Trainee: 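Take a look at the following structure, please.
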Protein chains: 2
Amino acid sequence: MTRPTRADLNTLRHHNRQVIVDIMRRYGSLSRAELARLTRLSKVTVSEVVDDLVAEGYLRAVGLGTADMGRKPMLMAFKESAGFVLGIEVAPRIVRLIVTDLMGDIVATFEESVVAAAGDDLIRALCALISKARNHLPQSRYGLMAVGIAISGWVDFAQGVVVAAPNMTWAPLALQERLASCVHVPIIVDNEANAALAYEHGHGILRDVDHAVYLSVGYGLGSGMLMNGAVYRGHKGMAGEMGHMVLDPAGPLCTCGNHGCWEMYSSEKALQRMMSGCTPALTVNEGDLTHWAIQQARQGAPCARQALRAVGRSLGQGIINIANLLNPQTLVVGNGMVEAWEFLEPEMMAVLSQAGLSATTQDLIVTPSPHYQDAAVRGAAALACDAVIARI
Amino acid sequence: MTRPTRADLNTLRHHNRQVIVDIMRRYGSLSRAELARLTRLSKVTVSEVVDDLVAEGYLRAVGLGTADMGRKPMLMAFKESAGFVLGIEVAPRIVRLIVTDLMGDIVATFEESVVAAAGDDLIRALCALISKARNHLPQSRYGLMAVGIAISGWVDFAQGVVVAAPNMTWAPLALQERLASCVHVPIIVDNEANAALAYEHGHGILRDVDHAVYLSVGYGLGSGMLMNGAVYRGHKGMAGEMGHMVLDPAGPLCTCGNHGCWEMYSSEKALQRMMSGCTPALTVNEGDLTHWAIQQARQGAPCARQALRAVGRSLGQGIINIANLLNPQTLVVGNGMVEAWEFLEPEMMAVLSQAGLSATTQDLIVTPSPHYQDAAVRGAAALACDAVIARI
DNA sequence: GCAGATAGTTAGGACTGTTTACGAAGGAGG
DNA sequence: CCTCCTTCGTAAACAGTCCTAACTATCTGC
């Protein structure tokens, strides 16, 4: 079990440095005096820490600020280009990679199609891609500082192991360990929904939220939970398998062996089932069917409209359960299905207002992710970035 | 949103004191040297803190220990009788109160039947009962140090307000605020399931567990969640309304307006429904029907057996959802229905092993609460105790 | 009684955050 | 231009915290 651990003066200083770095990253630019007021640290301590951080290249002076009276403050800012991190999304046929600075802003993008028959292939491809990206890094003091990897599947976060990836052939795979030999910076591996959640919490719409749920509605249904401002991973990092919550025991059979899992109602998989009578001949890639359905629905095709609306209603049903259980402040819907928001939302909201408990549903904010296409890569980078910041 | 707050030398010392107190409470008796090894604090620091705690009456020397070689260690122990706390359970017709020392051991018990038509009545009754208990407190250095109150209903923990209590007439009620005038120590109010969870975590079977769920299966179905070693309360302290998770949208109508809530399958309420054809004429008090059903089932009555088994199966179904969502290490079942464990367990476990995802269910420990009758009162005391310890 | 081992204390040092005092820098008004 | 007032940032002194090293106290085994 976790037991609180002893703290010493290093711990203390580190903590206060983190408080200052955190605020600096949030506010953009602040003077030492403002920093002292916001943190309730003394001016002296703030100056000391700020000077250290400047010397280490994490903060820089950005010029004089304004003041109604008295001496003008010297504004300091977080130096986002002190170093860079990589965010990688491993999808079945493609690997996406972005380079971001320490504020999460993207400075470069790479893509490589990969058909990894074996885990070794993937490792090689990743190493090559990382090297390539590394060579394109802008000049900076610390260079590459961490790598984050997001995968749609079950990931043991603490160990950095992909335990199972339903859409890939090569799981399980000790990704962190295997990559360590060619990448000598911290490597963070997490599932796609947790990553997207981390992105939204760090840089997106969950910036000021402490309790939230991220629903990744793609081919399957994944989820991430934010509790007390941190991603919750459960006992063995397996929390969040919401897709297999049973909505209706009389429902369709799921691959997990049960009937009526949420994933069978709210996902592209669900569209497949519901539209079996009216789909085109072949849809090979993830997302194809969703796109096609939306297109059809926009043109008024009843089959597609009904299917998407049904997805919306099921989303509402599942969300009610989640809300009762976890009482989040915000629930973010991400991944491909978000494109159908215009069809999902009315049905979903109707279910929520009709069947939700007022105490948990009334004030619940349900919102689509603005970056649903690349939330996973961005999230991978955000996780890497968080890891770096935590060590400053 | 929660932002990490500045720390100073007081914070540091307080933290390390807490680490030491925590270990002392867990281990029973330890020497300063062992304490230093366990905490990784220096012997000097440990001695300093221990001396302070002795001076404040929280620790005491209990004699020399044994040693294979060298000087014998002076064993120290937490002084559980430094002060006392009250745990109060407010049930519809009765108020139960226990006095415990700082290790959670019960030193006195009080009960008073209360029919509170209005909130004022309850406040008066509670104040009277607390005064009475106070007068029977053993002699101690700090006397009464905190009061914990557990109520089956929706409680806003942070505000100490009973928002709604389905079985009582007087909610909402600002319990903490109203009692503050007659009780001048910290008052903690929480719902019954969270309290029971706190008890199990502090003194019961969850002592070494960080991720757990407590299911209170009584007339209704309540729950508490332990995450990362702390009770999770959600955005507005409303997390844990698991009873209204929908298991089957075609199921019976619940008071919440939906169909097929878990509570309609796994609770005394569920027995009522399922046994409507074979129940005795009148059962007035909570628990009566459950007792009767168990008695009948033990005598082989098919109606009761079937009903209890059905409850067991539904428990299993709900637990699978919970396990997928939260991936707890242990799930504790408490409250009145536990008495039917012999009938519930086989059915429940069958469902779990048959329909559970192996990743989340395989290693899940499902266990009845050994103190299911008085977990709520004990929990109320445990919450009070925790509050006291945190301030040491 | 002495050597070896362990427990606990004393002394001194390094580091941290705070308070108090002070110099730097700027605006308002004479 | 100069003085008064305000705010920013730094310097010096201080109290509190933890740590290391050295020391004393105590115990076992020979």
Side-chain angles (χ1 to χ4, degrees), chain A residues 4-24 27 29-56 59-77 392, chain B residues 4-24 27 29-56 59-77 392:
Chain A
T5 170
R6 163 214 74 157
D8 60 11
L9 292 169
N10 293 324
T11 321
L12 179 57
R13 177 46 78 97
H14 177 76
H15 176 86
N16 285 333
R17 274 170 66 105
Q18 288 288 313
V19 170
I20 288 179
V21 167
D22 191 61
I23 293 195
M24 287 303 308
Y27 280 71
S29 71
L30 287 172
S31 68
R32 292 168 174 84
E34 285 168 308
L35 222 31
R37 282 190 292 269
L38 286 169
T39 59
R40 294 174 42 216
L41 285 162
S42 70
K43 288 194 293 180
V44 180
T45 301
V46 168
S47 280
E48 231 173 271
V49 171
V50 165
D51 290 349
D52 286 353
L53 289 170
V54 169
E56 293 166 38
L59 292 184
R60 64 169 189 279
V62 290
L64 293 175
T66 57
D68 284 353
M69 275 183 293
R71 173 174 165 182
K72 287 181 179 164
M74 173 59 74
L75 297 182
M76 312 300 295
I392 282 180
Chain B
T5 171
R6 163 214 73 157
D8 60 11
L9 292 169
N10 294 325
T11 321
L12 180 57
R13 177 46 77 98
H14 177 77
H15 176 86
N16 285 334
R17 274 169 65 106
Q18 287 289 312
V19 170
I20 288 178
V21 167
D22 192 61
I23 294 195
M24 287 302 310
Y27 280 71
S29 71
L30 287 172
S31 68
R32 293 167 172 85
E34 285 169 308
L35 222 31
R37 283 190 292 268
L38 285 169
T39 58
R40 294 174 44 215
L41 285 162
S42 70
K43 289 193 292 180
V44 181
T45 301
V46 169
S47 280
E48 228 174 273
V49 171
V50 165
D51 290 349
D52 286 354
L53 289 170
V54 169
E56 292 165 38
L59 292 184
R60 65 168 187 277
V62 290
L64 292 175
T66 58
D68 284 355
M69 277 182 293
R71 173 174 166 181
K72 286 181 181 164
M74 174 58 74
L75 297 182
M76 312 299 297
I392 282 180

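Remember, predicted model here, so these are calculated numbers, not experimental data. Lettering of chains follows the sequences in order, A, B, ..., and the numbering in each one begins at 1.
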Trainee: C:dG17 C1' sits how many Å from A:Leu35 CG, rounded?
Mentor: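 Nearest whole value for this atom pair: 15 Å.
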
Trainee: D:dT17, OP1 or OP2 - any side-chain N/O from B:Arg17 closer than 4.0 Å?
Mentor: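 Answer is no, no contact under 4.0 Å.
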
Trainee: Nearest whole angstrom, please: distance from the P of C:dA7 to the CG of B:Asp68.
Mentor: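 Rounded to whole Å, this separation is 10 Å.
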
Trainee: Can you name the atoms? Protein N/O to nucleotides 24-27 of chain D N/O, anything below 3.5 Å, with the distance.
Mentor:
{"unit_1": "D:dA25", "atom_1": "N3", "unit_2": "B:Arg71", "atom_2": "NH1", "d": "3.3"}
{"unit_1": "D:dT26", "atom_1": "O2", "unit_2": "B:Arg71", "atom_2": "N", "d": "2.9"}
{"unit_1": "D:dC27", "atom_1": "O4'", "unit_2": "B:Gly70", "atom_2": "O", "d": "3.3"}
{"unit_1": "D:dC27", "atom_1": "O2", "unit_2": "B:Gly70", "atom_2": "N", "d": "3.4"}

Trainee: Name all residues meeting the salt bridge (Lys or Arg N to Asp or Glu O under 4.0 Å) criterion together with A:Arg13; count only those two or more places apart in sequence or in a different chain, and write none if there are none.
Mentor: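 With sequence neighbours excluded, A:Arg13 shows a salt bridge (Lys or Arg N to Asp or Glu O under 4.0 Å) to A:Glu48, A:Asp52, given in chain and number order.
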
Trainee: Of the options D:dA15, D:dC8, D:dC18, whose atoms approach the side-chain atoms of A:Lys43 most closely?
Mentor: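 The listed nucleotide nearest to A:Lys43's side chain is D:dC8.
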
Trainee: Quickly, which of B:Leu30, B:Val62, B:Val54 forms a side chain to side chain contact (heavy atoms under 4.5 Å, CB included) with B:Met76? Name it, please.
Mentor: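 Among B:Leu30, B:Val62, B:Val54, the one that satisfies the side chain to side chain contact (heavy atoms under 4.5 Å, CB included) with B:Met76 is B:Val54.
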
Trainee: When the distance from CG of B:Asp8 to C1' of D:dG16 is rounded to whole Å, what number comes out?
Mentor: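 Rounded to the whole Å, the gap is 10 Å.
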
Trainee: Do you know which two heavy atoms are closest between B:Val21 and B:Leu53, and how far apart they sit?
Mentor: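 Scanning both residues completely, I find the closest heavy atoms to be CG2-CD1, 3.8 Å.
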
Trainee: Apply the test side chain to side chain contact (heavy atoms under 4.5 Å, CB included) to residues A:Arg32 and A:Asp51: give CA-CA distance (whole Å), side-chain angles for both, the deciding distance (0.1 Å), then the verdict.
Mentor: CA-CA 10 Å; A:Arg32 292 168 174 84; A:Asp51 290 349; 3.2 Å; yes

Trainee: Expressed as a whole number of angstroms, how long is the span from B:Leu12:CG to D:dC19:C1'?
Mentor: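 Spelled out: CG on B:Leu12 to C1' on D:dC19 is 12 Å.
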
Trainee: Which whole-number value in Å describes the distance from A:Arg37 CZ to D:dG9 P?
Mentor: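 Computing the A:Arg37:CZ to D:dG9:P distance gives 9 Å.
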
Trainee: Measure from NE2 on B:His15 to C1' on C:dT16 and round the result to the nearest Å.
Mentor: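 Result: 16 Å.
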
Trainee: Using side-chain heavy atoms (C-beta onward) and a distance below 4.5 Å, is A:Glu34 in contact with A:Leu75?
Mentor: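 Counting from C-beta outward, A:Glu34 and A:Leu75 do come under 4.5 Å.
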
Trainee: Any side-chain N or O of A:Asn10 less than 4.0 Å from the OP1 or OP2 oxygen of D:dC18?
Mentor: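 So the side-chain polar atoms of A:Asn10 never come under 4.0 Å of the phosphate oxygens OP1 or OP2 of D:dC18.
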
Trainee: Just wondering, do B:Ile20 and B:Leu41 contact through their side chains at under 4.5 Å, heavy atoms?
Mentor: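 B:Leu41 vs B:Ile20: side chains touch.
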
Trainee: Once you round it to whole Å, what is the distance between P of C:dT18 and CZ of A:Arg40?
Mentor: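 Those two atoms, CZ and P, are 10 Å apart.
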
Trainee: Taking for each residue the nucleotide of DNA chain D bearing the nearest heavy atom, is the 5' side occupied by A:Ala7 or by A:Ser31?
Mentor: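 The 5'-side residue here is A:Ser31.
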
Trainee: Under 4.0 Å, heavy atom to any atom of DNA chain D: which of residues 44-56 of chain B qualify?
Mentor: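 Residues of residues 44-56 of chain B that come under 4.0 Å of DNA chain D are, in numerical order, B:Val44, B:Thr45.
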
Trainee: Could you state the CG-P distance from B:Leu9 to D:dC19, rounded to the nearest angstrom?
Mentor: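 The distance from CG of B:Leu9 to P of D:dC19 comes to 13 Å, rounded to the nearest Å.
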
Trainee: What pair of heavy atoms forms the shortest contact from B:His15 to A:Pro4, and how long is it?
Mentor: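 So the two residues come closest at CE1-CB, 4.5 Å.
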
Trainee: With a non-hydrogen cut-off below 4.0 angstrom, is A:Ser42 in contact with a base, only sugar-phosphate, or nothing?
Mentor: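 Base contact.
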
Trainee: Does the side chain of A:Leu35 reach to within under 4.5 Å of the side chain of A:Met24, using non-hydrogen atoms?
Mentor: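 Counting from C-beta outward, A:Leu35 and A:Met24 do come under 4.5 Å.
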
Trainee: Quick one: does A:Thr39's side chain get under 4.5 Å of A:Thr45's, heavy atoms only?
Mentor: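 In short, these two side chains do not touch, never coming nearer than 4.5 Å.
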
Trainee: Can you find a side chain N or O atom of B:Arg6 that sits less than 4.0 Å from OP1 or OP2 on C:dT18?
Mentor: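 Yes, such a contact exists.
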
Trainee: Given C:dG8, D:dG9, C:dG17, identify the nucleotide with an atom nearest to the side chain of B:Arg32.
Mentor: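 For B:Arg32, the side-chain atoms sit closest to C:dG8.
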
